Amino acid sequence: MRYWLMKSEPTDVSIDDLAGFPNQTVDWYGIRNYQARNFMRDQMKVGDGVFFYHSNCAVPGIAGIAEVCKLAYPDRLQFIKGHKYFDEKATPENPRWLNVDVKLVRKTRLLSLKELREYEALTNMRILQRGNRLSITPVDPKEWEFILGKLNAE
DNA sequence: GCCAACGTTGGC
DNA sequence: GCCAACGTTGGC
């Protein structure tokens with residue numbers, strides 16, 4: 001069992017959107033970065049823990065907890081001509097992009113990026129490193145437990 | 001809206 | 001295979 005942090009722009013899919021979806025589940029579409037894709041393809045298993053992170057918004061930070069509920073499979077948007085996520089080099093026989101499905105566990109208080117930066121225990125967290133842009137990053141089990149503690153504390 | 005950092009593309 | 005140009009991410 002692994003832990004992950006997955007970024008979503010709340011104008012696209014917010015934690016409240018996720019809570020309102022059927023089965024409180026979303027297909028994590030639109031990943032067009034090989035490193036992030038490979039995490040989904042090679043490492044993510046059903047039941048893995050996910051911090052649902054709001055990015056590119058007024059107060060970025062962790063907005064809830066989710067879990068992987070379906071293994072990686074081809075991202076359907078890569079085949080839709082004219083779509084933002086269309087990829088002409090991808091075919092159903094040889095898809096290039098994948099996504100897992102993610103299900104809400106619970107909404108939490110918003111643990112802001114600013115607050116994350118305040119904790120000594122999290123200084124090595126991927127998301128906090130300079131220049132980090134990767135939208136899916138592994139979370140160390142110790143970091144996961146530490147953050148859970150902070151989320152449960154208030 | 002700015003811009004630093006990073007990833008990708010494509011000419012050579 | 002190098003690397004300049006370009007595009008994207010995402011905090012601020």
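All figures in this text were calculated on a predicted structure; none of them were measured in a lab. Each chain gets a letter, A, B and so on, in the order its sequence line appears, and its residues count up from 1.
- Applying the side-chain hydrogen bond (donor to acceptor under 3.5 Å, both in side chains) rule to A/Ser14 yields the partners A/Asp17; only residues at least two apart in sequence or on another chain are considered.
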Q: Summarise protein proximity over nucleotides 6-12 of chain C in one line of letters, 5' to 3': B for base, S for sugar-phosphate only, - for none, counting protein heavy atoms closer than 4.0 Å.
A: -BBBBBS
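- Listed by chain and number, the residues in a side-chain hydrogen bond (donor to acceptor under 3.5 Å, both in side chains) with A/Arg126 amount to none (sequence neighbours excluded).
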Tabulate below the donor-acceptor pairs under 3.5 Å that side-chain atoms of residues 52-69 of chain A make, not counting sequence neighbours, or state none.
residue	atom	partner	partner atom	Å
A/His54	NE2	A/Ile15	N	3.0
A/Asn56	ND2	A/Glu9	OE2	3.4

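- Closest-nucleotide positions on DNA chain B for A/Gly131 and A/Lys89 were compared, and the one nearer the 5' end corresponds to A/Gly131.
- Residues satisfying the ring-ring contact (aromatic ring centres under 6.0 Å, His included) criterion with A/Tyr85, sequence neighbours excluded, are A/His83.
- Contacts of A/Arg32 classified as salt bridge (Lys or Arg N to Asp or Glu O under 4.0 Å), with partners at least two apart in sequence or in another chain: A/Asp75.
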